[in-house]
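Worksheet for the structure shown next.
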Amino acid sequence: MSTSIHITAWAIGIILFLVTFFMYKNKNPKSKMLHMIVRLLYIIIFITGFLLFWGVMKQINNHYQMLYGFKMLGGLWVIAAMEITLVSISKGKNPAAGWIQFIIAFLIVLYLGLSLPLGWYEFK
Ligand code: HEM
């Protein structure tokens, strides 16, 4: 499993998440359908991330293991935050709590992803 497939999956997921958010906001009747596609992407993001995680866990036995664990939890948190944001806007509730979580979780996960050795390794 390569990191580029994972990156493609979450990049498309986040773009469609943003599109879906504004469609709900504008009460577009197709927003529910797009929301289902975003949910499908959650699964693809999780599977590609989990396969990376699994591949690494078979090979390493050092402190990076824990950082990879945090990376997985962080990734799940980003997904949860996207879903919370979309569900609240779809019900006409204030989406601020979802947005705040999304931004915090995304920054943490971006930092962790770029600190870990595979693929982009910007923060060594
Ligand atoms: C929307 C949610 C997610 C975002 C924004 C995200 C973001 C990232 C980023 C920026 C990287 C670094 C790519 C690279 O180094 O080339 C990465 C790598 C990785 N992600 Fe995710 N991820 C998400 C979800 C997940 C999930 C759910 C899992 C686990 C089930 C996961 C596991 C991994 C693993 C194991 C790596 C490889 C780390 C490395 O050594 O570079 N990710 N992700």
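Indexing begins at 1, ligand by ligand and atom by atom, following the structure's order. Just so you know, these numbers use all the heavy atoms, side chains as well, and skip hydrogens, waters and symmetry mates.
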For atom 22 (N) of ligand 1, state which one of Met82, Lys71, Met57, Met72 supplies the nearest heavy atom.
-> Lys71
Has Asn61 got more than 12 heavy atoms of other residues, nucleotides or ligands less than 6.0 Å from its CG?
-> no
Option from Trp10, Phe106, Trp99 for which ring-ring contact (aromatic ring centres under 6.0 Å, His included) with Phe17 holds = Trp99
Side chains of Ser31 and Phe22: does their closest heavy-atom pair fall under 4.5 Å?
-> no
In the protein, what heavy atom is nearest to atom 38 (C) of ligand 1, and what distance, to one decimal place, separates them?
-> Tyr68 CE2, 3.4 Å
For atom 36 (C) of ligand 1, what's the nearest protein heavy atom and its distance?
-> Leu52 CD1, 3.6 Å
Any atoms of ligand 1 less than 4.0 Å from a non-hydrogen atom of Phe53? List them with their elements.
-> 35 (C)
Between Gly113, Ser4, Ala81, Gly69, which one has a non-hydrogen atom sitting closest to atom 11 (C) of ligand 1?
-> Gly113
Phe46 heavy atoms within 4.0 Å reach ligand 1 at atoms 27 (C), 30 (C)
Test side-chain contact (heavy atoms from CB on, under 4.5 Å) applied to His35 and Ile89, Leu16, Thr20, the passing residue | Thr20
Glu122 side chain to Ser115 main-chain N or O, any donor-acceptor pair under 3.5 Å?
-> no
Greater than 12 external heavy atoms within 6.0 Å of Phe50's CZ = yes
Considering the heavy atoms of Gly75, write down every atom of ligand 1 situated less than 4.0 Å from one of them.
-> 2 (C), 23 (C), 24 (C), 25 (C), 27 (C)
Atom 39 (C) of ligand 1 [closest protein heavy-atom partner, distance rounded to 0.1 Å] = Leu116 CB, 3.3 Å
Between Tyr42 and Leu76, does a side chain to side chain contact (heavy atoms under 4.5 Å, CB included) hold up when you go through it step by step?
-> CA-CA 9 Å; Tyr42 298 156; Leu76 289 172; over 6 Å; no
Contact atoms of ligand 1, heavy-atom distance to Ile7 under 4.0 Å = 13 (C), 16 (O)
Are the side chains of Leu52 and Thr48 in touch, meaning some heavy atoms are under 4.5 Å apart?
-> no
CA sep, side-chain torsions, deciding dist, call: Leu112, Phe123, side chain to side chain contact (heavy atoms under 4.5 Å, CB included) | CA-CA 9 Å; Leu112 274 175; Phe123 305 126; over 6 Å; no
Can you tell me which residue and heavy atom of the protein come closest to atom 7 (C) of ligand 1, and the distance to 0.1 Å?
-> Trp10 NE1, 3.0 Å
Sub-4.0 Å atoms of ligand 1 with respect to non-hydrogen atoms of Pro117 = 40 (O)
Closest to atom 18 (C) of ligand 1 among protein heavy atoms sits His6 CD2, 3.6 Å
At their closest point, which heavy atom of Ser88 faces which heavy atom of Pro95, and how far apart are they?
-> OG-CA, 3.7 Å
Quick one: does Leu110 get a heavy atom under 4.0 Å from ligand 1?
-> yes
Heavy-atom nearest neighbour in the protein, as seen from atom 28 (C) of ligand 1, with distance rounded to 0.1 Å | Gly49 CA, 3.6 Å
Leu118-ligand 1 polar pair, N/O distance under 3.5 Å | yes
Of Trp120, Tyr121, Phe106, the residue with the heavy atom nearest atom 5 (C) of ligand 1 is Phe106
What atoms of ligand 1 come closer than 4.0 angstrom to any heavy atom of Val78?
-> 1 (C), 2 (C)
Does Asn26 reach the main-chain N or O of Asn28 with its side chain, forming a donor-acceptor pair under 3.5 Å?
-> no
